[in-house]
Amino acid sequence: MLATTLRQKGDHFALAPQALAEFVHIVTDPKRFTAPLTIPQAVERGQIWWNASEVERVWPDEAALSWFFTAMTKHQLGRKRILDTLLAGTFRSASVASLLTLNPADFAVFGEFSCVPLTGERLP
């Protein structure tokens, strides 16, 4: 499993509140999944990850917002990129350099992250 391999290599995991909100939004969408989670199921799963001892909680701060404003302008990003860009800024300000993501292209534009693509793998 990917998470186990990364932990064995010494990688640490960070999670931002925006990622949890996006998770709940996506996995409860019947247009994306034939058997979406219910809101309570998604919230419960998010709480498990948020409270996991091996996960560092990261928050948007002044540095994240500064990075966000700069990136939005520099890359001429539109409204569909706002939340991803703030999430990237949050991770950047927390010194996160590598991201596990289903959408590596969302972060490629910034040129500052190494993305490890997930392929529908189930994380603990």
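Residue numbers run from 1 in the order of the sequence given.
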Going from [atom1] on [X] to [atom2] on [Y], what distance comes out if it is rounded to the nearest 0.5 angstrom?
X     : Y     : atom1 : atom2 : answer
Ser98 : His12 : OG    : NE2   : 12.5 Å
Lys80 : Thr85 : NZ    : OG1   : 14.0 Å
Leu37 : Asp29 : CG    : CG    : 11.5 Å
Gln18 : Asp84 : CD    : CG    : 10.5 Å
Met72 : Arg81 : CE    : CZ    : 8.5 Å

For [X] versus [Y], what's the shortest heavy-atom pair and its separation?
X     : Y     : answer
Pro30 : Pro36 : CA-CG, 3.8 Å
Gly46 : Phe23 : N-CE2, 4.3 Å
Leu86 : Phe68 : N-CD1, 3.5 Å

Can you find a pair of side-chain heavy atoms, one from [X] and one from [Y], that are under 4.5 Å apart?
X     : Y     : result
Trp50 : Val55 : no
Thr28 : Phe33 : no
Leu15 : Glu56 : no

Mind checking whether [X] and [Y] sit in one hydrophobic cluster, side chains of I, L, V, M, F, W, Y counted as touching below 4.5 Å?
X      : Y      : value
Leu65  : Phe113 : yes
Phe69  : Leu83  : no
Leu102 : Val109 : no
Val24  : Ile82  : no
Trp59  : Phe91  : no

Going through the checks in order, is the side chain to side chain contact (heavy atoms under 4.5 Å, CB included) test met by Arg57 and Leu20? CA-CA 11 Å; Arg57 298 173 182 176; Leu20 287 174; over 6 Å; no
Apply side chain to side chain contact (heavy atoms under 4.5 Å, CB included) to residues Trp49 and Phe13 and explain how you reach the verdict. CA-CA 10 Å; Trp49 291 338; Phe13 292 90; over 6 Å; no
Is there a side chain to side chain contact (heavy atoms under 4.5 Å, CB included) between Trp67 and Thr90? Walk through the geometry before answering. CA-CA 8 Å; Trp67 191 96; Thr90 301; over 6 Å; no
Criterion side chain to side chain contact (heavy atoms under 4.5 Å, CB included) on Arg92 and Glu112, from CA distance to verdict: CA-CA 8 Å; Arg92 181 69 176 84; Glu112 298 188 36; 2.5 Å; yes
Check salt bridge (Lys or Arg N to Asp or Glu O under 4.0 Å) between Arg79 and all other residues, then give those that pass, not counting sequence neighbours. none
With no hydrogens and no angle check, do the side chains of Thr5 and Gln8 hold a donor and an acceptor under 3.5 Å apart?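 There is no such pair between these side chains.
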Which residues share a side chain to side chain donor-acceptor pair (under 3.5 Å) with Asp61, sequence neighbours left out: Ser93
Contacts of type ring pair (Phe, Tyr, Trp, His ring centres under 6.0 Å), residue His75, not counting sequence neighbours: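 Result, ring pair (Phe, Tyr, Trp, His ring centres under 6.0 Å) vs His75: Phe110.
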